[in-house]
Participant: 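Quick one: this structure, given as structure tokens, is what I'll be asking you about.
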Number of protein chains: 2
Amino acid sequence: MIVPMAKIPFKEQMRRVREDAIVASVNRLLAEKGFDAMTVDEVAADVGIAKASLYKHFESKEELAAAAMVRVLEQALEFMAALEAGPVEGPLARLKAVTRWTMQVQLAGEMPSLPAQNSALRNALAAHRVYLDRLMEVSEKLGAWIDAAQKTGQLNAALPPELVLYTLFARACDPVLGVLNATGQYSDKQIIELLLITCFKGLGER
Amino acid sequence: MIVPMAKIPFKEQMRRVREDAIVASVNRLLAEKGFDAMTVDEVAADVGIAKASLYKHFESKEELAAAAMVRVLEQALEFMAALEAGPVEGPLARLKAVTRWTMQVQLAGEMPSLPAQNSALRNALAAHRVYLDRLMEVSEKLGAWIDAAQKTGQLNAALPPELVLYTLFARACDPVLGVLNATGQYSDKQIIELLLITCFKGLGER
DNA sequence: GTCTATAGCCAGATAGAC
DNA sequence: GTCTATCTGGCTATAGAC
């Protein structure tokens, strides 16, 4: 269904472009250095505007990080929607495709990493409606695929579905990928295939 | 072989006890909050001495973290030596036993977590002789077990041994454990057995 | 809304008396 | 070696001119 576009004022368009540029910078810096090591000054310098201008768009450093997280979650939703519309059939194949996608994002240096324990940030995220909403959407879609894959016996049905979900999220920012990449011994493709094996088949021999 | 103990001066003994207490506190705080969120003031308060006194023992916050890492690596070496002397036979069984041990340490809130990206800390560790030495010892012992397990077909021989090694290190501080524990739905024993499955058998069905 | 300049704070590290 | 008190730098956030 095609929805007629509402006319968007010019100023509003400018604002969006600016904010997109900001969030893209934040995303890259978060991926590179992590939340704590990233400074708002760096973000401003990277975008090419003054720090005070940043604060006209986002009211805190935490808001910046949340915006970056929302962005990557929406990209994930977009990818997952494309998967459902496309030729990739079966829940397991789709779960693997998403996992592969998260690894590609990591390799591209575009997976924001939020230290799991930072309390100021966690509190901000736990109160951030949009972030929670997107996170829920992704979780529900993945959850449906996990359910289906367990019912058809493609995934180990003895594992609690939440465990599978948490594991997939964890693999999306698994440090092993970075370490493996740093050795310089493997191509991106090899790294992804190796990590897919350890994730879905484990380290053991069958 | 029993080595005759050199006589240790009383003052030296006092110093060691103090430093052990300091490192134990650091270890716990690192596990609880991570390196960035941990403050030297907190450490001093937790130990019950003044901050300036801390700096008579360790010359920087990074040195504190390094000492905690050395401590846990030495505990690992001790555990691994006991494994080799004990009833646990076979390289795979030993690898699983070590993995189980690291998860118990995590559950006990005693696995120091060093954000993978902090550059000041990483530089300090990369130049820390004792830390690197212990890390190498652990890696070599694990590497030998991995080799053996791959030769006997207990571990997937198609995986590069380094990948297996990095994966085991990563699982020693896997956030999935904490998340699973936070749900309150599983006992420690269940959590450990579930994570051992995902690590060695993967998410898929065989 | 953009900028320069600065406030305010916090944490790592140190001075200096005992 | 331990303490109290302080220095110092860097970071988030804001004031105020334009």
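This structure is a prediction, so every number in the text was calculated from the model and none was measured. Each chain gets a letter, A, B and so on, in the order its sequence line appears, and its residues count up from 1.
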Participant: Give a yes or no answer on whether the side chain of B/Arg94 reaches the backbone of B/Val88 with a donor-acceptor pair at less than 3.5 Å.
Facilitator: yes
Participant: In whole Å, I'd like the distance from the CZ atom of B/Arg18 to the C1' atom of D/dT2.
Facilitator: 8 Å
Participant: Counting any heavy atom closer than 4.0 Å, what does B/Met38 reach on the DNA or RNA strands: base, sugar-phosphate only, or nothing?
Facilitator: sugar-phosphate
Participant: Between A/Glu12 and A/Arg15, is there a side-chain N and carboxylate O pair less than 4.0 Å apart?
Facilitator: yes
Participant: Heavy atoms within less than 4.0 Å of DNA chain C: which residues of residues 39-66 of chain B have one? Give them sorted by number.
Facilitator: B/Thr39, B/Val40, B/Lys51, B/Ala52, B/Tyr55, B/Ser60, B/Lys61
Participant: Ion pair present between B/Glu137 and B/Arg134, side-chain N to carboxylate O less than 4.0 angstrom?
Facilitator: yes
Participant: Taking B/Gln150 for the side chain and B/Pro160 for the main chain, is one N or O donor matched with an acceptor at less than 3.5 Å?
Facilitator: no
Participant: Between B/Gln106 and B/Ala172 (side chain of the first, backbone of the second, donor and acceptor by atom type, cut-off under 3.5 Å), is there such a pair?
Facilitator: yes
Participant: CD of A/Glu19 versus C1' of C/dT2: gap in Å, rounded?
Facilitator: 15 Å
Participant: How close or far is atom C1' of C/dT2 from atom NZ of A/Lys11, stated in whole angstroms?
Facilitator: 12 Å
Participant: Apply side chain to side chain donor-acceptor pair (under 3.5 Å) to residues B/Thr183 and A/Glu162 and explain how you reach the verdict.
Facilitator: CA-CA 10 Å; B/Thr183 69; A/Glu162 334 148 48; 4.7 Å; no
